[in-house]
Amino acid sequence: MKEKGVAVVIGAGTMGGGIAADLANAGWTVHLLDQSVELAASGKMRVVKSSPPLLYLPEYAERIVAGSSEELSVCGSADWVIEAIAENLALKQALLTRLESVVGPETLVTSNTSGLSLTAMSKHCGMAFRRRFFGTHFFNPPRYLKLVEVVPTPVTNSALLQAFIAGMEARTNHRVVVAKDTPGFISTRLWITHLLDTIHTAIEQNVPVEVVDALTGPALGRPRSATFRMADLVGLDIIASIAKNQYDALPDDPLRERLRLPEKLNLLISEGRTGQKSGAGFYKRVGKEILALDWATLTYRPREETITEAGNALVETVVPRFCDYAAAIAGEIAESHEAIDNAMCWGFGWEKGPFALAGNAPQKPAYPALRQEQGTLILELRGKLNVFDPAQCDAVIAAVDEAERQGLPLVFTGQGPCFSAGYNLARLVTAMEQGDLVGIEADMKQCQETFLRVKYAKIPTVAAIHGYTLGAGCELALHCGRIVASPETVLGLPECAVGVIPCGGGVKEALYRFGSAQAAFEAIFFNQNSTSAHEARKRGWFRPTDGIVANADQLLTEALRVAPEATQPWSGPDREPGKVVLPVTLMGHDRRIAQALAWVLTEEKTTETALLARERAAFQQLAQEPLSMARMRHLLETGKPLRN
Ligand code: NAI
């Protein structure tokens with residue numbers, strides 16, 4: 001896959017649209033074709049309106065051009081043509097035959113089939129075409145699911161395939177697993193068999209659905225949707241159809257009989273209880289409550305998640321059976337055990353694939369929070385959402401001290417799904433409610449001093465950010481010499497929504513970055529956390545030297561690469577005091593917070609010390625307001641902002 005190219009995606013449905021968005025995000029021009037221009041245009045419209053968004057920025061839609069597949073001449077000059085039409089072998093074969101006569105001599109052609117044989121699909125085509133043909137199985141929605149299974153046929157040119165994979169991993173946010181051309185490839189083959197085996201076992205051993213889910217979700221290092229909630233999300237009818245295809249295509253599969261649907265499942269489907277889309281499946285939402293299916297009566301009853309011995313016995317049966325199954329078919333579906341584990345982790349968000357689960361895979365070393373790699377120190381922020389508190393500040397200071405002592409650059413990263421979600425709100429609100437102004441002052445001062453220490457460190461500093469980079473997390477990043485961001489970065493200073501203002505130097509840095517008090521006011525007061533790093537950059541949070549990696553897995557590598565140059569001691573220009581005009585519509589407590597923020601931004605002396613002192617003073621004022629405490633408490637307890 002080259003850096004910038006022209007792609008043609010045929011089939012503007014769920015997957016075609018998602019893949020088109022992915023390539024547009026990577027800077028490609030994409031022709032999105034369907035049976036008519038109108039169908040293609042409505043496919044493009046679904047991409048534009050998707051929620052969560054498939055595009056990093058709405059304007060990337062301009063890179064997608066809708067067209068009709070009646071007219072395939074655009075394929076002549078395309079670098080890559082992706083077939084994403086309905087899952088039907090004859091239709092796909094017919095399309096490939098048409099494509100063969102129009103594509104350029106170097107054009108790659110791939111199919112997004114989720115399980116059909118690529119060899120069978122291309123069997124009517126000539127050898128020159130077949131050498132440039134393989135499967136690229138994306139997952140839905142492509143932007144958010146990392147795995148792409150790449151499926152060569154026995155005649156696919158391997159040099160071409162390797163170059164494609166390297167390009168894909170460098171230029172998109174996907175990781176590739178090479179799968180053999182067998183039914184369901186790696187991911188679907190293992191997932192559907194394991195799923196149905198678990199369902200059969202739950203019915204046979206009479207283990208309630210919610211107990212199975214309590215044991216097969218995070219407890220096993222898997223997403224909360226676990227087994228039955230995941231089945232409801234996918235749709236029981238879709239599961240039935242995948243299982244039937246796999247059953248028919250795999251006469252010698254060691255767990256083939258488990259692919260037959262249990263009678264109870266057939267009954268649910270025949271009654272239209274196909275899962276979330278129909279309102280009922282293994283679970284049913286009634287008002288605010290989610291009820292669970294009762295195996296005996298197939299009616300719904302309140303959930304009872306007590307872990308029973310039968311539940312544990314189920315896990316002890318199905319997990320080892322799954323691991324044995326993976327080992328038995330490994331050679332048939334993949335080149336390595338690692339590929340199989342990666343497919344399950346990247347495709348389904350599991351922490352461990354079957355080989356790691358069975359304890360046969362090398363364990364990742366447990367790193368200390370501060371470690372050295374390639375002549376650079378790395379401090380990994382840790383804890384629940386890696387929030388800041390005095391201990392986290394101490395760790396940052398100690399890391400800077402150590403990096404200066406050794407004369408090495410310092411990179412900050414966050415463990416787990418985010419960089420840092422901000423300052424520890426529970427700690428703050430407790431202090432606020434107790435009227436502990438001395439404690440609040442000490443915490444805020446420490447935070448400011450920590451980030452200043454980073455800014456004026458005698459060594460280069462890089463913030464390698466991903467996921468939530470909010471509040472104090474964002475402030476740390478703003479004080480580093482360089483930011484390197486993962487594409488999926490949620491960045492912002494949302495403090496006003498919880499009744500206060502940023503107080504770790506965030507207001508000061510925003511003033512320097514946005515250039516005017518008014519612009520900084522608007523960026524902070526009307527903060528909308530970015531939905532991608534591209535959006536954060538567009539809003540003005542990044543300097544020209546800050547960068548975004550295409551693939552999240554490259555984040556640390558890139559941070560280490562730029563670290564030696566990340567020496568920009570970026571202090572703000574002294575400027576004339578600015579003005580802030582508050583919107584007339586601002587009322588009540590919102591107006592009070594806005595006034596406090598404006599007061600900081602219109603400080604006459606725009607030196608760091610003066611601005612920081614004002615941040616603290618304004619924060620202290622707001623921290624004494626019952627309405628601010630209520631906002632913070634509400635967010636902590638409900639996860640939602642309160643406008644009071
Ligand atoms: P879909 O039904 O949403 O979209 C298919 C689109 O192809 C429709 O817009 C249809 O009008 C168009 N189409 C059909 N025949 C055509 C032709 N001859 N020329 C041009 N356009 C044509 O289907 P979806 O879900 O997007 O699936 C597409 C492919 O991706 C299938 O092979 C499917 O198995 C595979 N897949 C689907 C996943 C999913 O979660 N939906 C996941 C991974 C793969």
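All values derive from a computational prediction rather than experimental measurement. Atoms within a ligand are numbered from 1 in the order they appear, just like the ligands themselves.
If you check each of Asn112, Ile238, Ile10 against atom 35 (C) of ligand 1, the one with the closest non-hydrogen atom is Asn112. Of the candidates Gln35, Arg98, Glu83, the one placing a heavy atom closest to atom 14 (C) of ligand 1 is Gln35. For atom 5 (C) of ligand 1, the choice among Gly115, Ala84, Ser42, Gly16 with the nearest heavy atom turns out to be Ala84.
Residues Asp237 and Lys277 have side chains in contact (heavy-atom distance under 4.5 Å, counting atoms from C-beta outward).
Contact atoms of ligand 1 toward Gly13: 3 (O), 4 (O), 6 (C), 9 (O), 26 (O) (distance under 4.0 Å to a heavy atom of the residue). Ligand-side atoms of ligand 1 in range of His137: 43 (C), 44 (C), range being under 4.0 angstrom from any heavy atom. The Thr113 neighbourhood of ligand 1 comprises atoms 32 (O), with distances under 4.0 Å to a heavy atom of that residue.
In terms of polar-atom proximity, Ser69 is counted as a contact of ligand 1, with an N or O under 3.5 Å from an N or O of the ligand. Any N or O atom pair closer than 3.5 Å counts here, and Asp34 shares at least one such pair with ligand 1.
A salt bridge does not link Lys146 to Glu488: none of the charged nitrogens lies less than 4.0 Å from a carboxylate oxygen. At a threshold of 4.0 Å, the pair Glu535-Lys538 does not count as salt-bridged, since none of the basic side-chain nitrogens sits closer than that to a carboxylate oxygen.
Within a 4.0 Å radius of atom 2 (O) of ligand 1, the protein has no heavy atom.
For the atom pair Arg143 CZ and Thr531 OG1, the distance stands at 5.5 Å (nearest 0.5 Å). In this structure, Leu491 CG and Ser530 OG are separated by 5.0 Å, a value rounded to the nearest 0.5 Å. Here the CG-CG distance, from Leu293 to Leu265, works out to 10.0 Å after rounding to the nearest 0.5 Å.
Ring geometry, His174 versus Phe138: the interplanar angle exceeds 60°, so the pair is classed perpendicular (tilted spans 30 to 60°).
Here the heavy atom of the protein found nearest to atom 31 (C) of ligand 1 is Ile85 O, 3.3 Å. Annotation: atom 43 (C) of ligand 1 to nearest protein heavy atom, Phe138 O, 3.2 Å. For atom 38 (C) of ligand 1, the closest non-hydrogen atom of the protein is Met15 CG, 3.4 Å.
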